2 protein chains.
Amino acid sequence: MTMSDTDNASGTPLELGSVLSALADPLRRQVIRELAQAPVATERTCASFGFPVSKATLTHHFRVLREAGLISQVDRGNSRAARLRREEIECSLPGLLAILVSEKVEPVDP
Amino acid sequence: MTMSDTDNASGTPLELGSVLSALADPLRRQVIRELAQAPVATERTCASFGFPVSKATLTHHFRVLREAGLISQVDRGNSRAARLRREEIECSLPGLLAILVSEKVEPVDP
DNA sequence: CTGTAGGTACGATACGTGTCATACCTAATG
DNA sequence: CATTAGGTATGACACGTATCGTACCTACAG
């Protein structure tokens, strides 16, 4: 486990305020939703989501998710793999992922 | 029903982003938590919660909750009674109230 | 009438947030 | 080596948010 001390430590319940703030942003909700709907051990890079924002903005968003404890990130040198912390989320906040997955999102205009 | 058009109309699913933003604030979470734990038809005034903030700040917070569709307010001339919209919340976002109720909140120092 | 209690609208303030550009890093490729 | 891809830190900016004070409203009590 290579988490820094600003990340949510394993076994610590998630801080609800941080989680809700993190998920108030639509881009960050989409990240969690896609990871929640992917196979369990899925790991994805920031860039793989294809959001129409700058790399710096992506970095910021993934940092917020990580510090809220919603994802963990593994350093791969020139990339980082993000993984959903399903068990921790389901343990601290049962049903939250289901709420996110069930959100109806308007398709983005082409 | 005396809601204005900025409030969530009956029967419309709650907008998850607005709800999460509204609940990201600890004072607003406390409001919902107390209403959720009270008898079903409970109606309370803004001032009855006894928060250590100004009346204007209270007005702002209750407005955010109302516009997110989490509460409805009934005008009583010189006061307004806030009621939790349990059924709508439970219908749109099953389990959300349980998450809020189970949050462990540090007691405020005397 | 005045005072109290419970509100709202408005403007102002300090801080937070989403975004970007820039410079830099790591790693891989040709 | 240069280029590409995937990142981070930093600073700047525009906007949003929580807060307050003020003036005003409604309703009630004396």
Side-chain angles (χ1 to χ4, degrees), chain A residues 2-7 15-32 34-35 42-68 70-83 105 108, chain B residues 2-7 15-35 42-83 105 108:
Chain A
T2 60
M3 287 184 179
S4 69
D5 44 358
T6 62
D7 302 332
E15 202 276 294
L16 186 55
S18 302
V19 169
L20 295 174
S21 293
L23 294 172
D25 179 76
L27 186 150
R28 296 201 287 268
R29 280 208 298 288
Q30 182 66 15
V31 171
I32 299 300
E34 290 191 23
L35 290 177
T42 292
E43 297 185 344
R44 292 180 55 180
T45 61
C46 307
S48 72
F49 294 86
F51 293 116
V53 296
S54 74
K55 293 196 291 183
T57 301
L58 264 191
T59 292
H60 165 71
H61 282 308
F62 277 82
R63 180 178 188 163
V64 172
L65 289 172
R66 187 179 67 245
E67 293 182 349
L70 293 167
I71 63 171
S72 61
Q73 283 183 299
V74 181
D75 207 347
R76 294 254 171 79
N78 63 340
S79 75
R80 293 187 114 185
R83 177 188 290 189
V105 186
V108 180
Chain B
T2 60
M3 285 183 180
S4 69
D5 42 0
T6 63
D7 302 333
E15 201 276 296
L16 187 55
S18 302
V19 169
L20 294 174
S21 295
L23 295 172
D25 178 77
L27 187 151
R28 295 201 287 268
R29 279 208 299 289
Q30 182 66 17
V31 170
I32 299 300
R33 187 158 42 241
E34 290 192 23
L35 291 176
T42 293
E43 296 185 344
R44 291 181 55 180
T45 62
C46 308
S48 72
F49 293 86
F51 293 116
V53 296
S54 73
K55 292 196 292 183
T57 301
L58 265 190
T59 294
H60 163 73
H61 281 309
F62 276 81
R63 179 179 189 162
V64 172
L65 288 172
R66 188 179 67 243
E67 293 182 348
L70 292 168
I71 62 170
S72 60
Q73 284 183 299
V74 181
D75 207 347
R76 294 254 170 80
N78 64 339
S79 73
R80 293 187 114 186
R83 177 189 287 188
V105 186
V108 180

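Every chain is numbered from 1, with letters handed out A, B, ... down the list of sequences. In this text the structure is predicted, and so the values were computed from the model without any measurement.
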Inset, instruction - Please determine if a side-chain N or O atom of B:R63 lies less than 4.0 Å away from the OP1 or OP2 oxygen of C:dG7. - result: no
Legend entry - Separation of C:dG6 P from B:Q73 CD (nearest whole Å): 15 Å
Inset, instruction - Between C:dA5, C:dT26, C:dG7, spot the one nearest the side chain of A:N78, thanks. - result: C:dT26
Inset, instruction - Measure the distance from CZ on A:R80 to P on C:dA27 and round it to the nearest whole Å. - result: 13 Å
Legend entry - First of A:S48 and B:G77 reached from the 5' end of DNA chain D, by closest nucleotide: A:S48
Inset, instruction - Under 4.0 Å from any heavy atom of chain B: name the first and the last nucleotide of DNA chain D that qualifies, 5' to 3'. - result: D:dA18 to D:dA27
Inset, instruction - With DNA chain C as reference, determine whether B:T59 or A:A56 sits nearer its 5' end, using the nearest nucleotide of each. - result: B:T59
Inset, instruction - Could you tell me the separation between the CD atom of A:E67 and the C1' atom of C:dG18, rounded to a whole number of Å? - result: 15 Å
Legend entry - Flag side-chain contact, heavy atom, 4.5 Å: B:R28 against B:V64: yes
Inset, instruction - Would you classify A:H60 as touching base, sugar-phosphate or nothing, given that sugar-phosphate means primed atoms plus P, OP1 and OP2, and contacts are heavy atoms under 4.0 Å? - result: base
Legend entry - Nearest non-hydrogen partners of B:A82 and B:I71, listed with the distance: CB-CD1, 4.1 Å
Inset, instruction - Please work out if A:V53 contacts a base, only the sugar-phosphate, or nothing of the nucleic acid, heavy-atom cut-off 4.0 Å. - result: sugar-phosphate
Inset, instruction - Answer with base, sugar-phosphate or nothing: what part of the nucleic acid does A:A47 contact at a heavy-atom distance below 4.0 Å? - result: sugar-phosphate
Inset, instruction - Write down the distance between CG (A:D75) and C1' (C:dT26), rounded to a whole number of angstrom. - result: 9 Å
Inset, instruction - Would you mind classifying the nucleic acid contact of A:R44 as base, sugar-phosphate or nothing, using non-hydrogen atoms under 4.0 angstrom? - result: nothing
Legend entry - Residue pair B:C46 / B:L58: nearest heavy atoms and the distance that separates them: O-CD1, 3.6 Å
Legend entry - Spacing of B:E43 atom CD and B:S79 atom OG [to the nearest 0.5 Å]: 10.0 Å
Inset, instruction - Rounded to the nearest angstrom, tell me the gap between atom NE2 in A:H61 and atom P in C:dG18. - result: 6 Å
Inset, instruction - Indicate yes or no: at least one non-hydrogen side-chain atom of B:T45 is less than 4.5 angstrom from one of B:R76. - result: no
Inset, instruction - State, yes or no, whether a side-chain contact exists between A:L35 and A:F49 at a heavy-atom distance under 4.5 Å. - result: yes
Inset, instruction - Using the closest heavy atom to pick a nucleotide of DNA chain C for each, name whichever of A:K55 or A:A24 lands nearer the 5' end. - result: A:A24
Inset, instruction - May I have the distance from B:I71 (atom CD1) to C:dG7 (atom P), rounded to whole angstrom? - result: 11 Å
Inset, instruction - Looking at every strand, decide which applies to B:T45 at a 4.0 Å heavy-atom threshold: base, sugar-phosphate, or nothing. - result: sugar-phosphate
Legend entry - Spacing between A:L27 atom CG and C:dT17 atom C1', to the nearest angstrom: 13 Å
Legend entry - A:S54 side-chain N/O to C:dC20 phosphate OP1/OP2 under 4.0 Å: yes
Legend entry - Atom pair CD/CG of B:Q30 and B:D25 - distance to nearest 0.5 Å: 11.0 Å
Legend entry - Separation between OG of B:S18 and CG of B:L23, rounded to the nearest 0.5 Å: 10.5 Å
